[in-house]
Amino acid sequence: MAQYSRVSGTVGLITLLNPPVNALSAAVRQGIVDMMDKALSDRKVKSVVICGHNGKFCGGADIREFSSPLTGPLLIPVIQGVESAAKPVVAAIEGVALGGGLELALGCHYRIAHSKARLGLPEVHLGLLPGAGGSQRLPRLIGVPAALDIITTGRHVTAAEALKLGLVDRVTDRNTVDEAVKFALSVADQSPQSRRISTFPCPHHPDLDAVFEGVMQRVRQRARGALAPVACVQAVAAATLPFAQGMERERELMATLFTSGQARAQQYHFFAQRAVGRWSMPSGARWDKTKPVAVHKAMVIGLGTMGRGISVALVQAGVSVVAMETNEKQLMDAKQAISSMLERGAKRRGVAPALDKIRYSSDMQPAADVDLVIEAVFEDMALKKKVFQQLSALCKPGTFLCSNTSGLDVDQLASETRTPELVVGMHFFAPAHVMKLLEVVYGSRSSPQAVATAMELGKQMGKVSVAVGNCRGFVGNRMLKPYLEQAFFLLEEGATPEFVDQVLEEFGFAMGVFRMSDLSGLDVGWRVRKADGLPDGHSARIRQGCRYSPLGDLLCEQGRFGQKTGRGWYQYDKPGGQVAKPDPWLQDFLEKFRTQHGLVARRIDHQEVLERCLYALMNEGFRILEDGIAAGPEDIDVIYVLGYSWPPHRGGPMFYAAMVGLKKVLERLEHYHQEHPDIPSLKPCNLLRKLVVSGSPPVQKWREFLQKPQSQL
Ligand SMILES: CCCCCCCCCCCCCC(=O)CC(=O)SCCNC(=O)CCNC(=O)[C@H](O)C(C)(C)COP(=O)(O)OP(=O)(O)OC[C@H]1O[C@@H](n2cnc3c(N)ncnc32)[C@H](O)[C@@H]1OP(=O)(O)O
Ligand SMILES: NC(=O)C1=CN([C@@H]2O[C@H](COP(=O)(O)OP(=O)(O)OC[C@H]3O[C@@H](n4cnc5c(N)ncnc54)[C@H](O)[C@@H]3O)[C@@H](O)[C@H]2O)C=CC1
């Protein structure tokens with residue numbers, strides 16, 4: 001709803017009221033219409049201010065309403081009503097003006113923003129475009145190139161930038177509503193006619209065609225099959241037409257997006273990201289019942305790829321860090337790398353680099369005086385156990401001990417300490433200062449407070465933290481195993497790395513499985529498999545009664561570790577080279593391998609690659625739910641979109657399974673498992689069968705079918 005009052009004698013003040021972000025629900029839209037009528041019909045009122053309750057202008061349309069038929073007045077005529085008002089209307093922007101919120105502000109005749117306000121049109125992240133006139137008014141106000149940037153990236157603009165762009169008329173550090181009221185008084189006698197953005201011509205640009213062409217090319221490349229970014233460019237292009245025609249084009253494009261599965265997937269992802277914050281543990285411990293401990297000082301142990309990024313993320317979150325490394329050369333390199341990452345980050349954010357927040361050490365002693373430790377040494381259980389023993393002896397009581405292990409048993413690490421309740425996994429993703437995902441792994445003895453503290457610290461670092469149970473590979477890497485396995489089997493059966501990657505990239509992954517493996521380094525998994533007892537030079541294809549592909553191990557035995565060695569599933573022009581090219585050596589190697597094992601290459605099509613890789617991965621997702629390792633499908637989907645480049649417009653693997661149809665997924669898995677009975681990951685899991693028998697309920701209802709995991713505490 002919206003509230004109305006008259007202030008300073010002649011200003012009508014309309015306050016949007018729909019906590020927490022004053023989203024434009026049907027009631028709010030109706031409230032705007034009614035309160036505008038009131039203000040316009042009140043003779044004493046000469047001008048109007050629109051603001052938001054509780055220091056937040058407006059977070060946009062109410063996204064929850066998108067899944068049911070639209071009711072109440074539509075936003076487009078509501079905004080048109082504001083713009084066509086005969087009395088000047090001023091938007092007082094505090095907190096956020098996003099999406100429909102900014103579109104409403106663009107319908108006002110003046111915009112005053114608080115210096116800390118953020119403005120933006122993030123609809124593209126919801127699979128939509130700014131469909132309430134935003135794609136038509138913004139370019140008219142700030143020009144096509146700047147509007148294209150804001151609309152296609154969905155980024156938030158600071159008040160300072162908004163002022164520079166001409167998006168707002170004034171920025172203030174004072175009470176924004178008071179300033180807006182003063183401003184409204186000062187323009188009360190002026191006609192708003194010349195301030196109606198819909199009447200502005202689209203600003204001239206010397207080469208608009210080239211601008212659109214360049215942006216469209218970039219957008220298509222980045223979109224990975226998403227429709228919304230492309231439609232955003234098409235909508236802005238229509239701003240060069242007369243306003244009414246541009247609005248018609250915006251409406252057409254919006255209607256296509258609005259009813260697309262992609263928009264549903266991206267809106268699901270929006271709420272899933274928020275849902276994972278409401279974590280719970282098998283013991284019944286929950287997010288709202290457990291207070292995290294504030295972390296002021298942390299230690300990072302091991303300054304390789306991960307330790308460096310984690311240190312940067314902590315410093316940028318305002319935590320003091322002691323960064324520790326035993327290898328002298330690594331320590332020197334890390335100092336340089338961390339400083340330059342901090343400097344680049346600070347430059348981007350327009351602040352001074354917090355270099356004084358980090359100090360370095362080559363021994364463990366400083367662990368005695370920190371609130372939390374994150375261990376990031378090699379993925380070697382014996383080494384990690386030793387580190388945890390040392391920490392247990394050194395740390396003050398209450399210090400949280402965390403491991404960045406990619407998949408080792410957190411309980412085993414905890415059992416090396418005197419305080420297993422303070423041990424959790426904090427599994428970051430590379431590069432750790434950039435990637436938004438953090439898996440927080442609770443072991444059987446982790447305390448709720450340790451989980452809450454790690455979850456909160458993740459949030460402080462700008463991550464989306466997902467609490468997961470303890471098992472080999474946790475959620476993300478556990479699901480990756482059957483996916484990788486299928487890709488290897490497909491090579492054995494006749495596919496090429498280029499073909500498998502092409503299919504997966506067309507699906508929307510940023511990188512196919514083989515390019516991704518080359519980038520991460522093939523040796524990482526190889527070392528883990530060797531630690532598990534994999535004998536060197538052993539190329540057996542059946543292990544413990546199940547099919548096994550030794551291809552990855554054989555490549556490593558040849559020193560082909562991927563991009564870093566210049567050779568892997570592809571060849572690169574040099575070690576560390578970026579451009580992957582098909583390697584004739586690999587073709588030859590695969591042919592010899594097939595001959596050696598009596599395999600005959602067959603033609604493998606697009607559908608088989610996609611189904612075998614993705615359905616095996618989803619099947620493991622169902623098992624993870626069945627085992628209670630993830631609390632719900634949303635957790636898995638957030639992990640896959642934010643950590644493994646699953647395309648957001650496909651929601652995540654569990655959402656995608658529901659979109660494809662659980663019955664179809666089940667049938668195809670049954671088919672492939674019949675063809676390959678020695679591949680257990682293709683055997684459909686019981687939960688999938690149960691859901692199909694229950695009529696394939698929507699993903700939001702799956703939790704009702706999950707058994708409550710047994711409390712391990
Ligand atoms: C047949 C079809 C014909 C079709 C024709 C179509 C024509 C239709 C024309 C209509 C055009 C309307 C177009 C339009 O207006 C589009 C939009 O505005 S889409 C929305 C754009 N806005 C956003 O994307 C902002 C989303 N929110 C955020 O980014 C953040 O929440 C925000 C920065 C605002 C605050 O962040 P933070 O403080 O970190 O809080 P949370 O993120 O945790 O949020 C708190 C709480 O609020 C919920 N929430 C936030 N925003 C919205 C929202 N816009 N709608 C509903 N709910 C919202 C959020 O989910 C949290 O609640 P939980 O319960 O925890 O989930
Ligand atoms: N590289 C990746 O993409 C990811 C790795 N991880 C995990 O993070 C951990 C670290 O991985 P990376 O950074 O890739 O390894 P890395 O090999 O780049 O770095 C490990 C560092 O630890 C140092 N180190 C070894 N023993 C030490 C000790 N006792 N004390 C202090 N430092 C010691 C090494 O000298 C080296 O600099 C592993 O457990 C790995 O599985 C987790 C997520 C992603």
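The model shown is predicted, which means the values in this text are computed figures rather than measured ones. In each ligand, atom 1 is the first atom listed, and ligand 1 is the first ligand listed. Nothing fancy with the numbering, it's 1 onward along the sequence.
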**OP:** Quick one: look up the protein heavy atom nearest atom 33 (C) of ligand 1 and list residue, atom name and how far away it is.
**Re:** Leu98 CD1, 3.8 Å

**OP:** Pick whichever of Ala61, Ala255, Pro19 has a heavy atom sitting closest to atom 53 (C) of ligand 1.
**Re:** Ala61

Original post:
With only distance considered, is Glu375 within less than 3.5 Å of ligand 2 through an N or O on each side?
Top reply: no

**OP:** Decide, yes or no, whether a salt bridge links Glu94 with Lys116 under the criterion of side-chain N to carboxylate O below 4.0 Å.
**Re:** no

**OP:** Under 4.0 Å, heavy atoms only, figure out whether ligand 1 is touched by the backbone of Ile63, its side chain, both or neither.
**Re:** both

Original post:
Can Arg155 and Asp149 be said to form a salt bridge (charged side-chain N to carboxylate O under 4.0 Å, His left out), step by step?
Top reply: CA-CA 8 Å; Arg155 73 185 176 87; Asp149 168 46; 2.8 Å; yes

Original post:
When you look for heavy atoms under 4.0 Å from ligand 1, do you find them on the side chain of Glu103, its backbone, both, or neither?
Top reply: side chain

Subject >> Part of Thr326 within contact of ligand 2 (heavy atoms, under 4.0 Å) >> reply: both

Subject >> Arg64 to Phe66 six-membered ring, cation-pi geometry met (6.0 Å, 45°) >> reply: no

Original post:
Salt bridge check: are Asp518 and Lys564 linked by an N-O gap of less than 4.0 Å?
Top reply: no

Original post:
Is the closest N or O pair between Phe429 and ligand 2 shorter than 3.5 Å?
Top reply: no

**OP:** Give the numbers and elements of all ligand 1 atoms closer than 4.0 Å to a heavy atom of Gly100.
**Re:** 15 (O), 17 (C), 18 (O)

Original post:
Can a salt bridge be assigned to the pair Arg703 and Asp635 using a cut-off of 4.0 Å between side-chain N and carboxylate O?
Top reply: yes

Original post:
Would atom 36 (O) of ligand 1 count as contacted, meaning some protein heavy atom under 4.0 Å?
Top reply: no

Original post:
Does an N or O from His427, backbone or side chain, lie closer than 3.5 Å to an N or O of ligand 2?
Top reply: no

Original post:
Do NZ/NE/NH1/NH2 and the carboxylate oxygens of Glu634 and Arg278 come within less than 4.0 Å?
Top reply: no

Original post:
In terms of residue, atom name and distance, what is the protein heavy atom nearest to atom 9 (C) of ligand 1?
Top reply: Gly131 O, 4.1 Å

Original post:
Heavy atoms of the protein only: does one fall short of 4.0 Å from atom 39 (O) of ligand 1?
Top reply: no

**OP:** Tell me which protein heavy atom sits closest to atom 1 (C) of ligand 1, plus the residue, atom name and distance to 0.1 Å.
**Re:** Thr259 CG2, 4.1 Å

Subject >> Basic-acidic side-chain contact under 4.0 Å: Arg286, Asp288 >> reply: yes

**OP:** Would you tell me which option among Pro130, Gly60, Ala97, Gly59 has the nearest heavy-atom contact to atom 23 (C) of ligand 1?
**Re:** Gly59

Original post:
Does Asp380 pair with Lys384 as a salt bridge, N-O distance under 4.0 Å?
Top reply: no

Original post:
What protein heavy atom sits nearest atom 62 (O) of ligand 1, and how far away is it?
Top reply: Arg64 NH2, 3.9 Å

**OP:** Return a yes/no value for Ser406: is any of its N or O atoms, backbone included, closer than 3.5 angstrom to an N or O of ligand 2?
**Re:** yes

**OP:** Run the numbers for me: atoms of ligand 1, each under 4.0 Å from some heavy atom of Leu75, listed by number.
**Re:** 15 (O)

Original post:
At a non-hydrogen distance cut-off of under 4.0 Å, which region of Asp62 contacts ligand 1 (side chain, backbone, both, or neither)?
Top reply: both

Original post:
For ligand 1, does Leu24 get within less than 4.0 Å through its side chain, its backbone, both, or neither, judged by non-hydrogen atoms?
Top reply: neither

Subject >> Atom indices of ligand 1 within 4.0 angstrom of Gly99 heavy atoms, with elements >> reply: 18 (O), 21 (C)

**OP:** Mark yes or no: Lys530 above the aromatic ring of Trp526, with NZ or CZ under 6.0 Å from the six-membered ring centre and no more than 45 degrees from the axis.
**Re:** yes

Subject >> Residue part near ligand 2, for Lys386, under 4.0 Å between non-hydrogen atoms >> reply: neither

Original post:
Taking heavy atoms and a distance under 4.0 Å, where does Val524 meet ligand 2: side chain, backbone, both or neither?
Top reply: neither

Original post:
Is ligand 2 under 4.0 Å from a heavy atom in the side chain of Glu379, in the backbone, in both, or in neither?
Top reply: both

**OP:** Looking only at protein heavy atoms, identify the closest one to atom 48 (C) of ligand 1 and say how far it is in Å.
**Re:** Pro20 CG, 4.5 Å

Original post:
Nearest protein heavy-atom contact for atom 52 (C) of ligand 1: which residue, which atom, what distance?
Top reply: Val21 CG2, 3.7 Å

Original post:
Given Met254, Gln273, Arg274, Arg251, which one has a non-hydrogen atom that is nearest to atom 7 (C) of ligand 1?
Top reply: Met254

Subject >> Subset of ligand 1 atoms that lie under 4.0 Å from at least one heavy atom of Arg278 >> reply: 63 (P), 64 (O), 65 (O)

Original post:
Counting from 1, what ligand 2 atoms have a heavy atom of Asn327 closer than 4.0 Å?
Top reply: 35 (O)

**OP:** Could you tell me if any non-hydrogen atom of Ser520 lies under 4.0 Å from any atom of ligand 2?
**Re:** no

**OP:** Please work out whether the ring planes of Tyr483 and Phe509 are parallel, tilted or perpendicular, with thresholds of 30° and 60°.
**Re:** tilted

Subject >> Thr305-ligand 2 polar pair, N/O distance under 3.5 Å >> reply: yes

**OP:** Run the numbers for me: atoms of ligand 1, each under 4.0 Å from some heavy atom of Pro122, listed by number.
**Re:** 22 (N), 23 (C), 24 (O)

Subject >> Protein heavy atom at shortest distance from atom 4 (C) of ligand 1 >> reply: Phe258 CD2, 3.8 Å

**OP:** On the 0 to 90° scale, with breaks at 30° and 60°, tag the Tyr644-Tyr640 ring pair as parallel, tilted or perpendicular.
**Re:** parallel

**OP:** Identify, for atom 26 (N) of ligand 2, the protein heavy atom at the shortest distance, and state residue, atom and that distance.
**Re:** Leu383 CD2, 3.6 Å

**OP:** For Phe271, take its heavy atoms, then give the atoms of ligand 1 lying under 4.0 Å from any of them.
**Re:** 60 (O)

Original post:
Would one find more than 12 heavy atoms of other residues, nucleotides or ligands at under 6.0 Å from atom CE of Met381?
Top reply: yes

**OP:** Among all protein heavy atoms, pick the one closest to atom 19 (S) of ligand 1 and tell me residue, atom and distance.
**Re:** Leu126 CD1, 3.7 Å

Original post:
Do Met306 and ligand 2 have an N or O pair less than 3.5 Å apart?
Top reply: yes

